[in-house]
Amino acid sequence: MPEDSTPPTELRTQLARFFARAWSDETLREEFALDPRAALAAAGIDWPAGLPIPELPERPEQALDLESLEASAGAALSTIGTVSCPTGCFSN
C-alpha cells in the first residue's frame, strides 16, 4: 500500500500561512524560489524530507478562507497553484 503523501493538518496550516505571507513579502518569495526547504525552515516549518514541496501558487484574485487554503495545500500538492486568497487575508 502506498504511503500517504498528505501532510498533517498542522503542517498544512503552516504552509497555507507561509504562502499567504509570501504573497505580500517579495523577499520571502525570492527566498522560497531559491531554496524552498530553507525558506520553510527559516519560517519554523519542518517539512518532511520525503514529501515534495509544492510551488508557491500565484497571488489570488478572489477570497479564500484559511480552511480552504489549508485543505488545498495538503490535499492537492501537485495542483496547489490553483489556490487563491486576497491580499492581506492573513495577518501575523
Side-chain angles (χ1 to χ4, degrees):
M1 181 163 70
E3 190 175 317
D4 185 12
S5 63
T6 302
T9 301
E10 182 178 336
L11 190 57
R12 290 193 319 258
T13 300
Q14 292 173 337
L15 183 63
R17 290 181 186 273
F18 177 88
F19 284 165
R21 282 191 315 268
W23 285 327
S24 61
D25 183 334
E26 184 176 344
T27 301
L28 186 59
R29 279 194 312 273
E30 291 171 359
E31 290 170 356
F32 185 78
L34 290 173
D35 190 345
R37 193 164 301 278
L40 291 174
I45 301 171
D46 184 22
W47 195 262
L51 192 61
I53 299 173
E55 292 184 21
L56 180 68
E58 291 294 319
R59 188 177 199 149
E61 296 291 326
Q62 61 187 21
L64 183 68
D65 60 63
L66 180 58
E67 182 178 306
S68 298
L69 182 58
E70 291 169 5
S72 296
L77 290 174
S78 63
T79 59
I80 196 159
T82 62
V83 176
S84 59
C85 176
T87 302
C89 64
F90 305 102
S91 58
N92 294 336

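The shown structure was predicted, so the numbers you read here are calculated from the model rather than taken from an experiment.
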Residue pair Leu15, Ile53: steps toward the side-chain contact (heavy atoms from CB on, under 4.5 Å) verdict: CA-CA 10 Å; Leu15 183 63; Ile53 299 173; 5.6 Å; no
With a 4.5 Å limit on heavy-atom distance, are the side chains of Trp47 and Pro36 in contact?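 In short, these two side chains do not touch, never coming nearer than 4.5 Å.
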Do the rings of Phe32 and Phe19 sit parallel, tilted or perpendicular, given the 30° and 60° boundaries? perpendicular
CD1 on Ile45 to CZ on Arg37, rounded to 0.5 Å: 11.5 Å
Verify, without hydrogens or angle tests, whether Trp23 (side chain) and Leu56 (backbone) share a donor-acceptor contact under 3.5 angstrom.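 No, Trp23 side chain to Leu56 backbone: no donor-acceptor pair under 3.5 Å.
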Tested for side-chain contact (heavy atoms from CB on, under 4.5 Å) against Glu31, the lone hit among Thr27, Leu34, Asp35 is Thr27
